[in-house]
Number of protein chains: 2
Amino acid sequence: MIRISKLTDYATVLLAAMAREPGRRFASAALAQQTQIGAATVSKLLKQLQRAGFVHSTRGLHGGYQLARPAEAISAASILDALEGPVAVTDCSAGQGQCELEPTCHVGRAWQRVNLSIRRSLYEVSLAQLAGLDGGTARLPAMEREIKAGLRARGGATAS
Amino acid sequence: MIRISKLTDYATVLLAAMAREPGRRFASAALAQQTQIGAATVSKLLKQLQRAGFVHSTRGLHGGYQLARPAEAISAASILDALEGPVAVTDCSAGQGQCELEPTCHVGRAWQRVNLSIRRSLYEVSLAQLAGLDGGTARLPAMEREIKAGLRARGGATAS
DNA sequence: ACAATCAGGACTAAAATGGTCCTCGTTAGC
DNA sequence: GCTAACGAGGACCATTTTAGTCCTGATTGT
């Protein structure tokens, strides 16, 4: 239902944790303890984040990870892209010419618009914001609160 | 990767097809043929759409389905809500107080903002637009084209 | 009565997701 | 130069979700 995976969610939690102490080098195990996410999972995620260039790793004794870029320079969109591939609401909204029904269905174009709009909101959120580092939580304008009221609560208590 | 399910995609294709001939009553099989989606799947989807109130059904001989409301009055968001449950980027972005890490992680709040933003774009797209019925395809402004360029193509040719 | 058509499920196959574990390479400290 | 603490890279498995089929009824025009 238009959601990001738990793993990606965890990744943002990890990055956010690191963003709060920019200088520090974090061992995988330490981050696991700090975030309460399984150690093996944290390790796996950090490796991915390293390959994607979000964190810099140091091997060997006293090694660990640290943010490769300032938190302001990392957008939610880039994290999503790295961990889940590019945002694509439907299969054919990622590009055109991949749907043999395109001339008849017309639907693809509209989804592409939606897709871009989503992508834009993702670009506008930085890791610094995700980590709650800048300016504090802005009040939600009335319209947003109204939309929010339409949401039913969903089960499950997970990190994010 | 922030995507809607194939079934939901199909559902929009079905609704869009019906929206193009508002008066007509469509038999499930006829829609299946028209859209090239499996008959059993179409039938299942229409039943869901009926329960959700998007279409009105007539039983018996020469029965079928027709749109219950004008296409302009059906938003993409409502379709998504009906078929996949409410949009929630992360588990705890659907509401608050469901994440025991919330005081420490701060991430939830930011996701909620993203979530609302996505939801808003979904509200702004009507079935009429999805069906390509109003005003033709608007030109994409420059910024959107630029963002789009950042998307890698993805495999798979499916209806949408 | 009968054939077309929707209603409501049960069921299954396939794929994505979340998570663990093992082996190896690297490096600082002794 | 050993050794212990660390990351790199996968293989692997369990569970859940998703997609799709099929069957058994209930309705209704002809």
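Note that these values count all heavy atoms, side chains included, but never hydrogens, waters or copies made by symmetry. All chains are named by letter (A, B, ...) in the order of the sequence lines, taking the proteins before the strands, and each is independently numbered beginning at 1.
With A:T8 as the partner, the side chain to side chain donor-acceptor pair (under 3.5 Å) test is satisfied by one option alone out of A:E84, A:Q48, A:R3: A:E84.
Protein atom CD1 of B:I37 is 16 Å distant from nucleotide atom C1' of D:dT21, rounded to whole Å. The NE2-P distance, from B:H62 to C:dC6, rounds to 11 Å in whole Å. In this structure, the CD atom of A:Q48 is 12 Å from the C1' atom of D:dG9, given to the nearest Å. If you measure from atom CZ of B:R25 to atom C1' of C:dC6, you get 12 Å, rounded to the nearest angstrom. Taking atom CG on B:L45 and atom P on C:dC6, their separation rounds to 13 Å, with Å as the unit. In this structure, B:L14 places its CG atom 12 Å from P of C:dC6, rounding to the nearest Å. For the pair B:I4 CD1 and D:dT18 P, the computed distance is 12 Å after rounding to whole Å. To the nearest angstrom, C1' of C:dA7 lies 14 Å from NZ of B:K44.
With values rounded to the nearest 0.5 angstrom, B:L61 atom CG is found 14.0 Å from B:R59 atom CZ.
Distances shown here put every side-chain N or O of B:Y10 at or beyond 4.0 Å from the OP1 or OP2 atom of D:dA19. Contact annotation: B:Y65 reaches the phosphate of C:dA7 (side-chain N/O to OP1 or OP2, under 4.0 Å). Within the structure, a side-chain polar atom (N or O) of B:T41 is placed less than 4.0 Å from OP1 or OP2 of D:dT21. Distances shown here put a side-chain N or O of A:R51 below 4.0 Å from the OP1 or OP2 atom of D:dG9. OP1 or OP2 of D:dA19 has at least one side-chain nitrogen or oxygen of B:S5 nearer than 4.0 Å. Regarding contacts with the backbone of C:dA7, a side-chain N or O of B:Q50 is found under 4.0 angstrom from either OP1 or OP2.
For DNA chain D, the neighbouring residues in residues 53-61 of chain A, judged by any heavy atom under 4.0 Å, are A:S57, A:T58, A:R59, A:G60, A:L61.
With hydrogens and angles disregarded, no donor-acceptor distance shorter than 3.5 Å links the side chain of A:T41 to the backbone of A:I37. Proximity of a side-chain donor or acceptor of A:Q129 to a complementary backbone N or O of A:S126 within less than 3.5 Å is detected. Checking side-chain atoms of A:T35 against main-chain N and O of A:L31 turns up a donor-acceptor pair under 3.5 Å. Between the side chain of B:E124 and the backbone N or O of B:S121, no donor-acceptor pair lies under 3.5 Å.
More than 12 heavy-atom neighbours from other residues, nucleotides or ligands sit within 6.0 angstrom of CD on A:E21.
Nearer the 5' end of DNA chain C, as judged by each residue's closest nucleotide, is the contact made by B:S43, out of B:S43 and A:A39.
For B:K47 and C:dG8, a side-chain-to-base donor-acceptor distance below 3.5 Å is present, hydrogens and geometry of angles not being considered. Within 3.5 Å, no donor on the side chain of A:K6 pairs with an acceptor on the base of C:dG18, nor the reverse.
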